[in-house]
Student: 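Before anything else, here's the structure in question.
Given the structure is predicted, the values throughout are model-derived calculations rather than measurements.
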Amino acid sequence: MANEEIASAFREIGRLLELKGESLFQVRAYGKAADRLVEAGDLAELIREGKLTDIPGIGKAMAEKIGYFMATGAIPQLEELRREIPQGVIDLAGLSGLGPGRVRKLRDEIGVESVEALEAAIQSGQAADIKGFGPKLLKNLRSGIDLWKRVRGLRLHMAGRREAEEIVSRALESGAPAAAPAGGIARGMETIDRVTVVIAIDEPAPLLNRLAAGLTGTDQTAETLCYTGRSELPIEIITVPPARFGGKLLLLTGSAAHLEQLKPIAETAGVELSGLSPARGDAPLEASNEAEAYQALGLPMIPPELREGRGEIEAAQQGRLPRLLESPDIRGLFHMHSTWSDGKATIEEMAEHAISLGLEYIGLADHSRSAGYAGGLSPDRLRAQSEEVARLNEKLAPFRIFHGIESDILAEGELDYEDELLGILDFVVASIHSRFGLEREAQTARLIRAVQNPHTTILGHSSGRLLLAREPYEFDSEAVWDAARTNDTVIELNAHEKRLDVDWRDIPAVRERHLLISIGPDAHDRRGLETLDMGIRIARKGWLTKEAVLNTMGRDEVTDWLGERKKRTTSA
DNA sequence: GCCGTTTTCGGCCCGACTGTTTTCAGTCG
């Protein structure tokens with residue numbers, strides 16, 4: 001916990017120093033230190049033993065800050081930087097096309113210190129006077145501002161989920177018989193605007209008081225507690241008597257469309273769905289869990305991820321709800337990075353962690369040579385890595401590491417190594433990391449060429465979207481999925497928090513199991529493996545069953561499958 | 001700010017793209 005907190009403080013220091021214009025090497029030093037801290041052991045113990053500086057990237061100055069934080073919970077330098085650099089400036093730096101250099105120009109030359117001020121300065125023509133701010137940049141900034149306005153107040157799912165889970169476990173530890181997140185978190189939405197937690201408890205006051213202790217700006221009633229969480233999301237904690245827990249959760253979880261469609265069905269069953277709680281006549285509906293609540297409406301339990309009013313109610317009535325993918329179905333993962341490129345953990349550490357999660361195999365896919373910024377592997381290093389993987393496979397058997405690469409898709413859709421070298425690998429994830437701005441036709445042709453390459457096993461994070469920060473790139477997805485299907489290329493559902501992909505339910509080939517999906521954690525450290533959970537939620541949201549997912553194959557099945565593909569590649 | 005060493009400071013990861021400018025600064029992955 002402390003590791004995470006200090007790492008995030010160091011990252012923030014790095015970002016703020018960059019905005020101040022400090023040396024990029026100093027900025028990077030904080031980033032590196034943060035990475036190492038996440039993978040480091042118990043900091044309190046390291047401090048006692050005076051071994052903090054044994055961590056690579058932690059020197060005298062960093063060790064001092066860590067010690068100070070452990071003792072007081074604060075880092076003075078960070079507090080100072082926060083005072084110096086207003087939030088508006090940090091927002092500015094988040095706009096696409098605005099880095100530290102241009103943000104400094106905006107501040108120094110026309111005194112712009114917020115997105116709103118930038119918008120006004122563009123409007124008035126003032127921004128166009130700055131050297132280097134031409135018409136195209138201004139146009140890009142305008143669309144960046146539009147995106148910023150659209151996503152204001154939204155946060156990534158995981159930020160809210162962590163807070164929700166903490167509240168749930170504190171409630172359960174305090175003896176509440178049940179507690180669960182509701183709303184967008186329960187439905188597996190990629191981004192959310194609030195955290196809602198429902199707690200079943202007869203005497204809420206003591207628990208609410210305990211949860212409110214130490215918080216500021218709380219708004220508390222006899223049954224509820226609201227405040228702004230660490231993620232800056234509004235948090236709503238709502239307590240109900242245990243007998244009404246199911247009904248309340250149902251009401252607070254379904255989307256507006258789902259609840260609207262549910263109303264007439266509830267009415268037929270004699271249940272009123274409006275108001276604060278579902279009611280039967282004058283009395284609140286008795287249901288201690290959601291399954292009982294749906295049962296009272298004459299329906300089977302509908303998984304929260306499906307409650308979007310997109311056909312799930314008819315499916316439930318007709319008994320055709322799919323048996324959605326679940327975490328225990330996942331037997332292995334592809335697409336992970338290691339310290340050989342820009343990962344934070346060694347191959348062995350990643351493998352050991354996967355073993356501890358009960359997985360049978362991982363697919364190692366470090367960056368390819370064109371990704372110089374990420375330490376992409378030269379042909380020689382890729383061969384050397386192959387030997388390392390073989391050594392580890394002997395050591396860790398029967399666990400298996402499949403040796404792959406995340407190959408950049410080059411300008412015209414080519415992969416990043418010669419065929420001969422690709423031939424020594426078990427699999428290839430092909431991903432776009434450059435030229436996001438190509439015209440739709442050119443981008444489509446490029447992607448089709450990549451997925452049709454016989455060496456390509458998986459198309460990585462295919463939308464190019466960065467949630468809350470960047471729109472996806474333009475391409476004809478139908479055409480690309482078709483090309484992928486005919487070449488047996490798997491489409492990755494990237495579980496990396498910031499790169500969740502498209503709505504898979506709309507792709508018939510996936511539903512008909514002609515196109516496999518890979519849950520790719522795109523993990524750069526051990527913690528990245530936990531984003532697997534998010535990938536599963538998004539898959540469930542896309543109505544995916546285990547048959548449509550590559551990662552539900554066992555180790556031997558994957559070995560055979562890759563072997564078959566290899567035969568086809570060499571004979572082609 | 002860290003590291004390594006040539007003990008006192010220089011090097012630290014890069015290459016392409018974009019939009020601007022007219023030779024390059026800034027951004028991005």
Side-chain angles (χ1 to χ4, degrees), chain A residues 6 9-11 13-37 52-66 75 77-78 81 92-106 108-109 127-144 337 339-343 366-378 381 406-412 416 431-439 442-443 446 460-461 463-466 469-473 494 496 498-499 522 524:
Chain A
I6 299 175
F10 276 12
R11 288 207 179 89
I13 291 176
R15 273 195 304 274
L16 294 171
L17 287 175
E18 192 178 15
L19 286 173
K20 267 189 75 177
E22 296 297 334
S23 142
L24 275 182
F25 297 111
Q26 187 182 348
V27 168
R28 221 175 275 153
Y30 278 98
K32 250 188 264 182
D35 289 344
R36 293 316 310 174
L37 281 174
L52 266 186
T53 50
D54 286 1
I55 305 172
I58 306 291
K60 193 159 162 273
M62 302 263 194
E64 210 167 280
K65 291 186 175 80
I66 295 169
I75 300 176
Q77 185 198 12
L78 177 56
L81 282 167
L92 278 176
L95 296 182
S96 171
L98 276 193
R102 288 175 183 151
V103 168
R104 269 199 305 283
K105 274 189 176 176
L106 284 169
D108 297 347
E109 294 184 26
D129 292 340
I130 304 175
K131 193 172 151 71
F133 282 59
K136 283 192 178 174
L137 177 59
L138 292 178
K139 183 166 173 280
N140 285 346
L141 290 180
R142 267 196 298 269
S143 49
H337 298 266
T339 46
W340 281 68
S341 64
D342 63 349
D366 269 312
H367 284 285
S368 63
R369 68 175 148 188
S370 286
Y373 63 92
L377 270 50
S378 67
R381 294 200 70 223
E406 180 179 17
S407 168
D408 268 31
I409 297 176
L410 305 184
E412 303 293 331
D416 208 2
S431 304
I432 284 189
H433 288 124
S434 61
R435 296 181 181 84
F436 293 92
L438 287 189
E439 296 289 334
Q443 197 71 286
R446 182 184 180 204
H461 50 75
S463 87
R465 161 164 75 140
L466 281 177
R470 188 178 69 211
E471 303 283 15
Y473 43 71
N494 196 306
H496 196 293
K498 291 183 180 171
R499 295 201 193 131
D522 201 346
H524 286 70

Student: Check the distance between B:dT27's P and A:Leu19's CG and give it to me in whole angstrom.
Tutor: 10 Å
Student: In whole Å, what separates the P atom of B:dC14 from that of B:dC9?
Tutor: 25 Å
Student: Distance-only criterion, 3.5 Å: show the donor-acceptor pairs between side-chain atoms of residues 132-142 of chain A and protein atoms not counting sequence neighbours.
Tutor:
none

Student: Measure from CZ on A:Arg381 to P on B:dC13 and round the result to the nearest Å.
Tutor: 12 Å
Student: Pick the P atom in B:dA16 and in B:dT21, then give their distance to the nearest Å.
Tutor: 24 Å
Student: Please find the pair of heavy atoms, one from A:Leu19 and one from A:Ala93, that lie closest to each other, and give the distance.
Tutor: CD2-CB, 3.6 Å
Student: So, do A:Glu406 and A:His337 sit near enough that their side-chain heavy atoms are less than 4.5 Å apart?
Tutor: yes
Student: Given that both distances must come in under 3.5 Å, which nucleotide forms a Watson-Crick or G-U wobble pair with B:dG10?
Tutor: B:dC3
Student: Between the side chain of A:Ser407 and the main-chain N/O of A:Asp416, is any donor-acceptor distance below 3.5 Å?
Tutor: yes
Student: By nearest nucleotide on DNA chain B, pick out whichever of A:Lys105 and A:Ala411 is the more 5' one.
Tutor: A:Ala411
Student: Could you check whether A:Ser370 gets within reach of a base, just the sugar-phosphate, or nothing at all, counting any heavy atom under 4.0 Å?
Tutor: nothing
Student: Sticking with atom C1', work out how far B:dT23 lies from B:dT18, rounded to a whole angstrom.
Tutor: 15 Å
Student: Is a side-chain donor or acceptor of A:Ser368 paired with a backbone partner of A:Asp408 at a separation under 3.5 angstrom?
Tutor: yes
Student: Taking atom P of B:dC28 as reference, at what distance in whole Å does atom CG of A:Asp342 sit?
Tutor: 18 Å
Student: Taking atom P of B:dA25 as reference, at what distance in whole Å does atom CG of A:Leu106 sit?
Tutor: 18 Å
Student: How far does the P atom of B:dT27 sit from the matching atom of B:dT20, given to the nearest Å?
Tutor: 13 Å
Student: Kindly say whether A:Gly97 contributes a backbone atom to a donor-acceptor pair with the side chain of A:Arg102 at under 3.5 angstrom?
Tutor: yes
Student: In whole angstroms, how far is the C1' atom of B:dA25 from the CZ atom of A:Arg104?
Tutor: 12 Å
Student: Using the P atom in both, what is the distance from B:dC3 to B:dC13, to the nearest Å?
Tutor: 13 Å
Student: With 3.5 Å as the limit, what N/O pairs link the protein to nucleotides 18-20 of chain B?
Tutor:
from   : atom 1 : to       : atom 2 : distance (Å)
B:dG19 : OP1    : A:Asn140 : ND2    : 3.4
B:dT20 : OP1    : A:Gly134 : N      : 2.8
B:dT20 : OP1    : A:Gly134 : O      : 2.7
B:dT20 : OP1    : A:Pro135 : N      : 2.9
B:dT20 : OP1    : A:Lys136 : N      : 3.1
B:dT20 : OP1    : A:Leu137 : N      : 3.3

Student: Tell me: CZ of A:Arg28 to P of B:dG11, nearest whole Å?
Tutor: 15 Å
Student: Please name all residues satisfying salt bridge (Lys or Arg N to Asp or Glu O under 4.0 Å) with A:Arg11, sequence neighbours left out, ordered by chain then number.
Tutor: A:Asp35
Student: Under the rule for side chain to side chain contact (heavy atoms under 4.5 Å, CB included), what residues qualify as partners of A:Ser378, not counting sequence neighbours?
Tutor: A:Asp380, A:Arg381
Student: Could you list the donor-acceptor pairs under 3.5 angstrom formed between side-chain atoms of residues 21-29 of chain A and any protein atom two or more places apart in sequence or on another chain?
Tutor:
from    : atom 1 : to      : atom 2 : distance (Å)
A:Ser23 : OG     : A:Phe25 : N      : 3.0
A:Ser23 : OG     : A:Gln26 : N      : 3.2

Student: So, does A:Lys105 use its side chain to make a donor-acceptor pair with the main chain of A:Lys131 at under 3.5 Å?
Tutor: yes
Student: Between protein and nucleic acid, restricted to nucleotides 1-10 of chain B and to nitrogen or oxygen atoms under 3.5 Å apart, what atom pairs and distances do you find?
Tutor:
from  : atom 1 : to      : atom 2 : distance (Å)
B:dG1 : OP1    : A:Gln26 : NE2    : 3.4
B:dG1 : OP1    : A:Tyr30 : OH     : 3.4
B:dC2 : OP1    : A:Gly59 : N      : 2.9
B:dC2 : OP1    : A:Gly59 : O      : 3.4
B:dC2 : OP1    : A:Met62 : N      : 3.0
B:dC3 : OP1    : A:Gly57 : N      : 2.9

Student: For A:Leu24 and B:dG26, give me the distance from atom CG to atom P, rounded to whole Å.
Tutor: 11 Å
Student: Please give the distance between the C1' atoms of B:dC12 and B:dT5 as a whole number of Å.
Tutor: 15 Å
